[in-house]
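Structure first, commentary second.
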Amino acid sequence: MHYAALIIISLLTTVSASYQNPLIYEHSFAGTKGAKRESSSYKFKWPIHKVAIIGAGGGGLVAYREFKRMGYQVRIFERDSVPGGNWHYTDEVPQNAPVPNLDPSEADFRPHIPPSDVLLPYEENFVGIEPGKVLNARREHRAPKPIWHSLTSTAPKHNQELRELPWPDHTPLTLTQNHLQRYVRTFASLHEINSNDNSPNTSYNTRVERVDKRFDVNGREVGWTLTLRKFIETGLTSYKIQWWTEDFDAIVVASGRFSAPNLPRVPGLSQWAQLYPKLISHSRQYRRPEEFANQTVLVVGGSVSGTEIAEDISGKAKKVFLSVRPHEDSVFRETRNMYLSRVPNNVSIVPEIKFFHPLPIRPTDSSSGIQSGEIELINGTLLRGFDKVIFATGFRYAFPFLPQYHDVSLRPNETIPSASGRPQPLVTDGTHIRSLHLDLFYIEEPTIGFINMNLGIESFMYSEFAASAIAKVWAGQAKLPSTKQMWELHWKRVRDAGGAYGGQFMYLGSAKEAAMVRYIVGWLNEDAVKYGGHQIDGPSENRHQVFLVWVVAQFPDYNVKSNQSAFSVSGGSFGLGVEEQRRLVETWTAGRDDW
Ligand SMILES: Cc1cc2nc3c(=O)[nH]c(=O)nc-3n(C[C@H](O)[C@H](O)[C@H](O)COP(=O)(O)OP(=O)(O)OC[C@H]3O[C@@H](n4cnc5c(N)ncnc54)[C@H](O)[C@@H]3O)c2cc1C
Ligand SMILES: NC(=O)c1ccc[n+]([C@@H]2O[C@H](COP(=O)([O-])OP(=O)(O)OC[C@H]3O[C@@H](n4cnc5c(N)ncnc54)[C@H](OP(=O)(O)O)[C@@H]3O)[C@@H](O)[C@H]2O)c1
């Protein structure tokens with residue numbers, strides 16, 4: 001093995017074994033003595049046997065497996081027609097992103113609740129409808145996923161594997177969206193919950209519209225009621241909608257994070273989007289480069305979507321511009337530099353947009369679209385002649401089925417005054433989700449659990465531990481701290497984040513993710529000894545080594561040495577130059593047919 005490879009592997013091993021300073025949780029909660037923890041632990045208000053899972057992406061399916069094997073009654077609700085979540089690629093494109101952004105409680109979808117005077121279950125039939133409108137109704141219900149045809153994954157296959165389903169040997173290291181689509185579906189089939197398994201435990205084409213607290217005749221809280229809406233296509237020109245409710249003791253929210261688009265507040269943009277809705281799009285609508293052939297395109301946003309879409313269309317478009325804004329945080333700045341290092345030379349990188357100059361209200365030549373429109377950048381440069389603009393400006397947290405826990409009026413440094421008696425919300429401006437313990441349990445009501453809400457995680461691996469923690473806590477096999485302690489930990493975390501919530505509040509990244517998973521494993525296994533239940537194994541460490549080499553191979557022109565914080569899992573001090581990195585990759589790839 002090459003010397004450089006040895007250095008890197010030994011660094012990886014040493015660092016992952018000695019990393020002792022993870023999230024605040026580890027020293028504050030885990031440090032409390034067992035007996036004290038037991039007496040002060042959170043007491044659930046009602047027993048939990050029946051669980052609803054919202055979403056049949058990888059996270060929801062893993063949660064299903066975990067809850068099922070622990071003996072819960074489980075139902076999984078999925079708005080789409082098949083399992084797969086984000087990885088269900090279709091040529092069908094989501095609707096235009098609203099400009100300006102909608103309130104987060106409606107940014108993913110606006111819930112359709114049946115008329116208040118009808119008895120449930122209730123059905124509405126729509127017949128003699130234009131075929132296009134039937135497709136639109138289906139599209140609005142299922143929400144086509146935000147991935148494109150040529151998309152390849154941001155990590156090697158080792159980092160996207162579920163325990164009981166190893167990738168077949170011949171699978172290439174870099175996965176396409178199609179590999180991942182088939183993988184998640186296979187996992188669903190393995191657990192007999194694919195859409196064609198007709199499992200009584202699943203309901204596909206079913207959107208969760210509302211989740212409401214349920215009370216008994218004495219006014220005591222006893223669980224949750226879900227209002228559900230099923231879309232059934234009955235013909236080319238007809239469909240029907242069914243509404244009903246189901247009661248559960250607890251809810252797992254595995255509804256994903258990439259459905260509610262974010263568009264920046266740039267003056268003048270609303271007018272452009274109103275006049276030319278087909279020419280202004282969001283990255284969630286991007287599918288294939290052909291539609292941009294011979295066009296001049298402005299892509300906005302220098303993260304993964306922006307740089308990859310710019311790269312994808314650069315071979316077909318006449319000219320591509322990529323508008324990027326600087327980031328003050330070093331982790332994000334370095335990661336951005338890495339992504340930008342892959343942007344082809346024929347893409348011009350330009351600064352942030354300041355202003356979309358008004359377009360003529362009644363264009364004399366409407367075929368010219370936005371071409372005559374001027375876009376002013378923050379450095380004063382004026383650009384014009386664009387055929388299309390794509391906003392790859394990210395997504396927002398949004399849970400339309402829980403509007404009671406959204407409060408857009410709160411600023412990043414504001415919370416609900418405790419004297420008011422009102423619950424702290426989960427979502428404010430959509431940049432983050434707050435009020436969670438371990439990013440898993442809603443502190444105000446820990447019978448709502450969340451899977452995969454963090455940024456910068458390996459969601460396949462992470463969801464196994466998140467699901468395990470939620471399932472064990474609800475079964476009484478692991479304990480949460482008291483509500484007061486959970487809030488204390490939360491406020492400490494907010495203080496550590498600079499006293500305000502923001503876009504990076506949910507960022508874990510490799511090192512914190514590893515620490516979080518280690519903490520969860522230690523906590524669950526320690527509590528299993530006391531309260532019963534099975535022990536769990538930690539994740540395979542081999543993933544880290546493959547990941548690092550893979551990153552080096554993917555970004556050959558970028559020196560990972562300067563990107564220490566983004567790859568902190570590897571110790572942050574590779575000391576390797578570009579040439580050494582290349583040799584490292586050659587050593588690793590030599591003789592391997594799975595690379
Ligand atoms: C462009 C893009 C590329 C990505 N690339 C990678 C990658 O390479 N590797 C990686 O690990 N991750 C990647 N991700 C992250 C990706 O989201 C995760 O891999 C994974 O999909 C997370 O699984 P999940 O189950 O948590 O969420 P999702 O896969 O998003 O699944 C959520 C499910 O919930 C359903 N749902 C939502 N609301 C409701 C409702 N109200 N009622 C019923 N059902 C509902 C949705 O239809 C969906 O099926 C990427 C994300 C994007 C946007
Ligand atoms: N191949 C793949 O697997 C693949 C491809 C695409 C996406 N993804 C994943 O999908 C998720 C979402 O990624 P994403 O790239 O869509 O969203 P993202 O990571 O949230 O990035 C959005 C970007 O838009 C920028 N932005 C916002 N407003 C802007 C403005 N006015 N001008 C210029 N830039 C602006 C943001 O800058 P600030 O940071 O300054 O706000 C940020 O860099 C990530 O988890 C990513 O890993 C994976």
Side-chain angles (χ1 to χ4, degrees), residues 52-63 76-88 108-109 111 141-148 150-155 159-160 174-177 180 184 203-211 226 228-229 253-259 261-266 269 282-284 286 299-309 322-329 332-333 335-336 339 350-354 377-378 391-396 398-402 431 450-453 455-463 466 502-504:
I53 297 173
I54 305 178
L61 297 172
V62 167
I76 189 160
F77 298 101
E78 170 54 59
R79 69 194 283 186
D80 208 343
S81 53
V82 291
N86 185 68
W87 298 109
H88 177 205
D108 176 1
F109 63 90
H141 186 86
R142 68 165 280 258
K145 307 307 179 228
I147 56 169
W148 47 94
S150 68
L151 187 134
T152 55
S153 164
T154 46
N159 297 63
Q160 298 172 93
T174 298
L175 304 167
T176 62
Q177 49 85 7
L180 283 156
V184 182
S203 189
Y204 284 96
N205 295 304
T206 304
R207 200 170 67 183
V208 178
E209 302 292 284
R210 289 240 6 159
V211 176
L226 268 56
L228 302 156
R229 177 185 193 263
V253 179
S255 55
R257 292 197 296 104
F258 304 113
S259 222
N262 175 55
L263 284 188
R265 279 187 169 273
V266 187
L269 172 60
H282 183 266
S283 62
R284 70 173 182 168
Y286 178 66
V299 181
V300 186
S303 185
V304 199
S305 293
T307 51
E308 289 191 5
I309 292 173
L322 179 65
S323 164
V324 175
R325 70 183 183 191
H327 210 296
E328 280 162 21
D329 185 279
F332 287 86
R333 190 173 55 235
T335 313
R336 177 155 324 162
Y339 288 121
V350 298
E352 193 175 345
I353 301 167
K354 182 177 167 194
L377 305 176
I378 48 166
F391 282 92
T393 42
F395 298 83
R396 289 178 300 150
F399 306 102
F401 43 87
L402 286 169
T431 58
F450 289 84
I451 305 262
N452 285 344
M453 289 299 141
L455 289 167
I457 57 165
E458 290 171 35
S459 65
F460 285 82
M461 181 274 290
Y462 188 78
S463 57
Q504 291 151 45

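Heavy atoms only: backbone and side chains are in, while hydrogens, waters and symmetry mates are out. In each ligand, atom 1 is the first atom listed, and ligand 1 is the first ligand listed.
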Considering only heavy atoms of [X], which atoms of ligand 2 have at least one such atom less than 4.0 Å away?
X      : value
Thr152 : 1 (N), 2 (C), 3 (O)
Gly301 : 24 (O), 25 (C), 34 (N)
Ser153 : 3 (O)
Phe395 : 16 (O)
Ser323 : 33 (C)
Ala392 : 22 (C), 23 (C), 24 (O)
Gly394 : 17 (O), 20 (O), 22 (C)
Phe258 : 11 (C), 12 (C), 45 (O)

- Message: Taking the ring of Phe401 and the ring of Phe77, is the distance between their centroids below 6.0 Å?
- Response: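 Centroid separation for Phe77 and Phe401: 6.0 Å or greater.
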Nearest to [atom], what protein heavy atom do you find, and at what distance?
atom                    : result
atom 40 (O) of ligand 2 : Arg325 NE, 2.9 Å
atom 47 (O) of ligand 2 : Val304 CG2, 3.6 Å
atom 48 (C) of ligand 2 : Thr154 CG2, 3.7 Å
atom 14 (P) of ligand 2 : Ser305 OG, 3.3 Å

- Quick one: do the Gln160 and Ser153 side chains pair a donor with an acceptor below 3.5 Å?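 On atom types as modelled, these side chains qualify, holding a pair under 3.5 Å.
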- Can a non-hydrogen atom of Trp148 be found less than 4.0 Å from any atom of ligand 2?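 Yes; Trp148 lies near enough to ligand 2 that a heavy-atom distance drops under 4.0 Å.
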- Message: Does the residue Phe391 have a heavy-atom contact with ligand 2, meaning some pair of atoms that are separated by less than 4.0 Å?
- Response: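 No heavy atom of Phe391 comes that close to ligand 2.
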What are the distances between nitrogen or oxygen atoms of ligand 1 and protein nitrogen or oxygen atoms, counting only those under 3.5 Å?
{"unit_1": "ligand 1", "atom_1": "8 (O)", "unit_2": "Ser153", "atom_2": "OG", "d": "2.9"}
{"unit_1": "ligand 1", "atom_1": "8 (O)", "unit_2": "Thr154", "atom_2": "N", "d": "2.8"}
{"unit_1": "ligand 1", "atom_1": "8 (O)", "unit_2": "Thr154", "atom_2": "OG1", "d": "3.1"}
{"unit_1": "ligand 1", "atom_1": "9 (N)", "unit_2": "Gln160", "atom_2": "OE1", "d": "2.8"}
{"unit_1": "ligand 1", "atom_1": "11 (O)", "unit_2": "Gln160", "atom_2": "OE1", "d": "3.4"}
{"unit_1": "ligand 1", "atom_1": "19 (O)", "unit_2": "Trp87", "atom_2": "NE1", "d": "3.2"}
{"unit_1": "ligand 1", "atom_1": "19 (O)", "unit_2": "Ser459", "atom_2": "OG", "d": "3.2"}
{"unit_1": "ligand 1", "atom_1": "25 (O)", "unit_2": "Gly58", "atom_2": "N", "d": "3.3"}
{"unit_1": "ligand 1", "atom_1": "25 (O)", "unit_2": "Gly59", "atom_2": "N", "d": "2.8"}
{"unit_1": "ligand 1", "atom_1": "26 (O)", "unit_2": "Asn452", "atom_2": "ND2", "d": "2.9"}
{"unit_1": "ligand 1", "atom_1": "29 (O)", "unit_2": "Asn86", "atom_2": "N", "d": "2.8"}
{"unit_1": "ligand 1", "atom_1": "41 (N)", "unit_2": "Val208", "atom_2": "O", "d": "3.2"}
{"unit_1": "ligand 1", "atom_1": "42 (N)", "unit_2": "Val208", "atom_2": "N", "d": "2.9"}
{"unit_1": "ligand 1", "atom_1": "44 (N)", "unit_2": "Arg79", "atom_2": "N", "d": "3.1"}
{"unit_1": "ligand 1", "atom_1": "47 (O)", "unit_2": "Glu78", "atom_2": "OE2", "d": "2.6"}
{"unit_1": "ligand 1", "atom_1": "47 (O)", "unit_2": "Lys145", "atom_2": "NZ", "d": "2.9"}
{"unit_1": "ligand 1", "atom_1": "49 (O)", "unit_2": "Glu78", "atom_2": "OE1", "d": "2.6"}
{"unit_1": "ligand 1", "atom_1": "49 (O)", "unit_2": "Glu78", "atom_2": "OE2", "d": "3.1"}

- May I ask you to check whether Ser283 has an N/O atom sitting below 3.5 Å from an N/O atom of ligand 2?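 In fact, backbone or side chain, Ser283 has no N or O that close.
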- Task: Carefully, step by step, assess Phe399 and Phe450 under the rule ring-ring contact (aromatic ring centres under 6.0 Å, His included).
- Result: CA-CA 11 Å; Phe399 306 102; Phe450 289 84; 5.4 Å; yes
